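Have a look at the structure below, then the notes.
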Amino acid sequence: MPQEDKTATVRDERYDPQRVESKWFERWQQDTSLYAAEPASTKPKYYVLEMLPYPSGALHMGHVRNYSIGDALARYMWMNGYNVLHPMGWDSFGLPAENAAIAHNTPPREWTQRNIANMKAQMKRLGFAYDWSREVTTCLPEYYRWNQWFFLKLYERGLAYRKKSKVNWCPKCATVLANEQVAGGFCWRHEDTLVEQRDLEQWFLRITNYAEELLRDLDKLEGWPDKVRTMQRNWIGRSEGTLVDFDLGGTVGPAGSTITVFTTRVDTIYGATSVQLAPEHPLVADFTANNPELRAKVDQLKAEQRKAKEAGDIGEIEKHGVFTGRYAKNPYNGEPLPIWVANYIVMDYGTGAIMSVPAHDERDYEFAKKYGLPIRVVIVPSSSDPEETVAEPQLPFTTYDGMVVNSDEFSGLDCVDAIRKMSEHAEKKGFGKATVTYRLKDWGISRQRYWGTPIPMLYCEKDGIVPVPEKELPVILPENVDITLTGGSPLGRVPEFVNATCPKCGGPARRETDTMDTFVDSSWYFYRYADARNDQAPFDSNVVGYWFPIDQYIGGVEHAILHLIYSRFWTKFMRDMGLVRNDEPVERLFTQGMVIKDGAKMSKSLGNVVTPDEMVARYGADAARLYSLFAAPPDRDLDWQDSGIEGIHRFLGRVYRLVSKHSTRMAKNTARSVWEERLTIVGAPGLERDVQRKLFQTVRRVTEDFKGRWHFNTSIAANMELVNQLYLALEHEVGEGVTLEVESGPPLPTLDPEFSRGVFAYLVLLLAPFAPYLAHELWEMLGEKDNLLRAPWPKYDPALAKEEEIEIPVQVNGKVRGRIVVPADADDGFVRDRVADDEKVRAAIAGKQVVKVIIVPGKLVSIVVR
RNA sequence: GCGAAAGUGGCGGAAUUGGCAGACGCACCAGACUUAGGAUCUGGCGGGGAAACCCAUGGGGGUUCGAGUCCCCCCUUUCGCACCA
């Protein structure tokens with residue numbers, strides 16, 4: 001800092017984020033290998049990942065928050081000597097590109113590329129430390145060819161199959177949705193749009209093959225939030241039960257001659273007094289074929305169920321049913337049971353048919369009461385005293401804690417035993433078996449849209465379904481496709497694409513025109529980062545073996561059952577084909593809260609949006625990042641307040657002025673080992689000791705926040721406290737009326753130059769993960785030559801962080817009545833003496849009898865008197 | 001209906017294992033420096049009271065020398081699941 005140039009000095013001492021940040025931005029632009037992970041290293045590896053964004057056009061504050069957390073962690077791990085992999089990419093296939101294309105007449109690829117360029121520039125301006133040499137863009141053939149390759153592998157293994165079935169159709173998306181993409185009957189992208197059911201031929205992935213393992217391994221994911229694990233558990237929805245065939249006594253129609261019922265309580269089957277079918281059950285069509293009256297009633301029930309489902313309250317539907325006039329035989333006792341159709345029985349769970357046991361099921365009880373069906377008790381409470389006559393239980397009696405009665409040879413068994421024995425019985429007799437059902441269904445991945453990975457399959461009149469040979473991959477997504485027309489897959493209107501040659505017979509074949517769900521792209525993208533430029537394989541197994549599993553994954557909880565369950569499935573499939581060795585992709589998962597403003601999620605329609613660009617322009621990237629970490633703990637929702645970032649801006653200015661003022665008065669050109677040793681001196685004098693203690697306390701707090709709870713808001717608060725104390729400490733030495741702002745005047749208070757340098761260097765190191773621009777600027781100002789990014793994280797000596805003397809409160813009968821000052825390690829006897837000396841305490845206990853004295857070392861003294 | 005999380009000053013939030021409630025920041029008030037201040041520095045800032053003190057962590061009970069923290073009941077908000085047979 002040139003002393004003779006007054007104006008320069010003045011300008012330099014004012015914190016100007018634009019000046020500081022543009023300087024470092026330029027430097028960082030020059031060095032493309034700055035944040036590159038080392039391919040092989042003796043250092044321990046650390047893979048930190050934030051969920052890749054959809055390139056919608058611009059980053060929003062939610063992104064900034066997500067990436068600020070990840071970036072702070074990445075920088076912290078670098079400073080702790082890890083070989084860090086911190087990549088970024090683009091989830092760049094998907095509907096918005098098509099919709100934008102239709103709205104603005106821009107091809108999806110152009111729109112997407114423009115958005116990527118803009119968002120990448122924003123990320124760089126925000127100073128996120130990504131290894132851009134590993135950038136993954138899912139809409140490029142070099143990426144999606146491996147989607148196609150994986151699809152062929154799945155097909156080879158029977159894990160991809162084609163089937164006609166009822167599928168979810170979103171009229172706004174004009175495409176099919178997976179079950180996971182339907183929320184309460186509505187489209188996950190259009191919360192006001194009801195999903196319709198359509199019969200379509202679709203490609204499915206057999207995720208249900210892994211249902212059991214996906215469920216079981218949740219227990220191993222101890223680094224995941226319980227909330228997410230619970231959501232996945234619920235989604236998989238494992239249920240043990242028994243399938244039982246009820247005979248109709250002859251074929252009714254195409255749907256056959258038996259009703260298969262799923263029940264978790266086969267032990268209650270002797271209490272069944274009817275069979276209930278879902279209105280959509282195939283047999284119902286047979287029953288109503290020649291019975292218009294019944295059909296009308298069934299249609300009514302169907303409509304009621306549909307309405308309730310659409311309203312999202314199928315749980316509260318008023319139960320209605322109609323007797324079909326038919327009977328089915330209970331195979332256990334040969335009893336004919338009336339068959340009903342009921343509006344509360346849904347086709348998409350179990351078999352769509354139940355046995356109704358009013359005595360032991362609340363719903364059946366309610367239904368039976370309403371329609372006057374018989375109620376027969378077959379389970380009674382287990383009695384501890386066998387002599388006692390078993391009382392009639394309060395109905396419905398639904399617990400497993402009971403004993404079976406009135407059930408032939410099964411009478412006398414307890415419920416759990418009975419379920420097992422009765423299932424075995426069914427299997428032996430050939431009318432049923434124990435089974436496990438899941439709520440999880442196979443993953444439908446066909447999409448009738450343009451902007452996605454073409455499914456590499458062919459349809460030949462002679463050879464049927466034929467996969468595209470591996471060597472012909474990728475099947476390139478054609479350009480210049482008219483996507484403005486609706487109805488059917490856009491690719492179907494491109495003859496050059498559709499018309500192909502059958503690789504088996506050489507005859508004409510038709511190409512599959514549906515594209516893949518974009519969740520395919522994101523199911524394995526993080527493996528590609530490990531070996532992003534491989535053109536022989538999706539990745540090299542050994543390279544992936546080094547980096548995986550991901551040590552820390554950070555993203556929004558909204559992907560709890562979509563992306564995160566698909567990714568787990570994909571990993572297990574790749575493991576089974578020998579491509580990866582890990583069972584799970586992610587070791588630790590962190591779900592950050594949303595950014596809200598004025599009590600609502602930021603959205604254009606509410607007009608409460610704050611953009612990163614505005615914030616960067618006004619306060620700089622550091623302030624925007626720091627505020628997004630400071631305003632709330634990362635796992636909670638963040639309430640954005642414009643005035644809050646002002647405070648952060650002020651804080652950064654305070655740090656800047658403090659360091660720049662004192663940088664001229666501290667030691668230069670000394671090695672870290674020198675000032676670090678001076679910093680850790682034992683027996684430092686007054687002011688120095690106060691600063692030293694606070695410094696090491698701060699190092700401890702920030703370090704522990706990184707290791708533990710990730711409450712960066714308190715880490716940053718700790719840094720603020722340190723800065724506040726430095727201001728006061730340095731001010732204090734000068735005396736009254738002299739402030740640090742004075743341009744000329746008496747010399748500022750000086751700490752030992754080496755010590756001083758150490759203090760400020762540590763402060764800068766502590767801020768480096770959160771505010772990299774300012775930290776780099778100050779690091780350089782201090783004359784440090786090492787790369788701050790790899791500079792060792794500060795250490796703390798617990799002994800030096802310790803207070804010598806502490807003030808502890810003295811309570812009398814639970815009220816604070818006095819305070820004593822004692823050495824931090826004072827023993828009980830010493831404390832007792834001090835308490836006895838204290839005037840206020842003496843007054844409080846005067847004339848009373850001391851019953852008990854509790855001394856909590858270092859915390860408080862509690863005296864009980866009577 | 002079931003399950004989970006949360007409820008603390010005017011606001012965002014601290015208080016990690018039961019031990020001084022309100023760290024840090026915002027807003028506000030006062031002072032300093034100033035031609036000026038929307039810059040900067042310093043101080044104040046839960047409520048009541050002149051004070052001693054008293055009251056206060058959604059409400060009500062309890063355990064304890066001591067409860068924001070543990071237990072029971074209730075209220076509110078958010079999220080997840082929902083006739084799952």
Side-chain angles (χ1 to χ4, degrees), chain A residues 13-14 183-184 225-228 230-231 233-235 237-239 241 261-265 276 278 305 308 312-319 342-346 348-357 361-364 366-367 437-439 557-558 560-561 593-594 627 630-633 635-648 650-651 653-654 657 701 704-705 708-709 711 713-721 723-724 727-728 731 736-742 807-816 819 851-854 856-865:
Chain A
E13 287 178 358
R14 163 169 258 137
D226 288 338
K227 182 190 167 84
V228 173
T230 304
M231 283 168 76
R233 214 168 271 129
N234 289 341
W235 184 258
R238 185 182 196 275
S239 176
V261 153
F262 175 74
T263 177
T264 55
R265 292 302 302 269
Q276 308 274 345
Q305 182 175 92
D313 57 0
I314 183 78
E316 268 107 67
I317 193 171
E318 161 122 29
K319 291 182 182 56
N343 61 357
Y344 70 96
I345 309 297
V346 294
D348 46 14
Y349 186 79
T351 59
I354 65 155
M355 62 176 197
S356 180
V357 186
D361 182 282
E362 278 182 39
R363 298 152 298 179
D364 296 347
E366 187 192 332
F367 193 85
T437 62
Y438 298 92
R439 206 177 84 119
V557 75
E558 65 272 18
I561 48 168
M594 284 188 308
Y627 179 66
F630 177 69
D635 52 334
R636 293 242 293 264
D637 284 351
L638 184 159
D639 189 354
W640 186 277
Q641 293 183 3
D642 290 329
S643 57
I645 193 168
E646 299 260 4
I648 287 294
R650 272 202 285 271
F651 167 67
R654 268 164 81 78
R657 283 189 300 276
R701 281 178 65 181
E704 280 175 1
D705 273 333
R709 305 183 304 164
H711 279 197
N713 54 329
T714 59
S715 312
I716 293 162
N719 279 311
M720 288 174 169
E721 281 186 52
V723 170
N724 290 347
Y727 265 81
L728 290 180
E731 169 85 352
E736 294 280 311
V738 181
T739 71
L740 290 168
E741 262 309 293
V742 181
E807 188 189 67
I808 59 178
V810 182
Q811 294 183 348
V812 177
N813 283 358
K815 308 265 185 202
V816 178
R819 290 165 197 288
V851 181
K852 201 167 165 190
V853 177
I854 298 148
V856 186
K859 295 283 188 187
L860 60 41
V861 178
S862 184
I863 302 169
V864 189
V865 298

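This one's a predicted model, so the numbers in the text were calculated from it and none came from an experiment. To find a chain, count down the sequence lines: A is the first, B the second, and so on, and within it residues start at 1. Atom set for the values below is all heavy atoms of this structure, side chains included, hydrogens, waters and symmetry mates excluded.
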Spacing of the [atom1] atoms in [M] and [N] (rounded, Å):
N      : M      : atom1 : value
B:rC53 : B:rG58 : C1'   : 27 Å
B:rG46 : B:rG37 : P     : 28 Å
B:rG22 : B:rU8  : C1'   : 8 Å
B:rG13 : B:rC24 : C1'   : 8 Å
B:rU76 : B:rC84 : C1'   : 30 Å
B:rU69 : B:rA15 : C1'   : 10 Å
B:rC74 : B:rG7  : C1'   : 14 Å

Given [options], which nucleotide is nearest the side-chain atoms of [X]?
X      : options                : value
A:M231 : B:rG19, B:rA14, B:rG80 : B:rG80
A:N724 : B:rG12, B:rG25, B:rA14 : B:rG25
A:V864 : B:rC65, B:rA23, B:rG13 : B:rC65
A:V346 : B:rA85, B:rC65, B:rG25 : B:rA85
A:Y349 : B:rU42, B:rA85, B:rA14 : B:rA85
A:S862 : B:rC65, B:rC20, B:rA14 : B:rC65
A:K815 : B:rG25, B:rC54, B:rA85 : B:rC54

Sugar-phosphate, base or nothing in reach of [X], heavy atoms under 4.0 Å:
X      : value
A:D226 : nothing
A:E807 : base
A:I648 : nothing
A:D637 : sugar-phosphate
A:G237 : nothing
A:F651 : nothing
A:V856 : base
A:E721 : sugar-phosphate
A:R654 : sugar-phosphate

Against the six-membered ring of A:Y344, is A:R363 placed for a cation-pi contact (under 6.0 Å from the centre, within 45° of the normal)?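 That pair does not qualify as a cation-pi contact.
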Distance below 4.0 Å between [X] side-chain N/O and [N] OP1 or OP2:
X      : N      : result
A:R233 : B:rC81 : no
A:R650 : B:rC26 : yes
A:N234 : B:rC2  : no
A:R636 : B:rC79 : no
A:K227 : B:rG80 : no
A:N713 : B:rA14 : yes
A:S239 : B:rA85 : yes

How would you label the glycosidic angle of B:rG9: syn (within 90° of 0) or anti? syn
Residues A:V357, A:T263; criterion side-chain contact (heavy atoms from CB on, under 4.5 Å); working and verdict: CA-CA 10 Å; A:V357 186; A:T263 177; over 6 Å; no
Can a donor-acceptor pair be found between the side chains of A:R654 and A:N724 at a distance below 3.5 Å? yes
Pair partner, B:rG3 [Watson-Crick or wobble, under 3.5 Å]: B:rC79
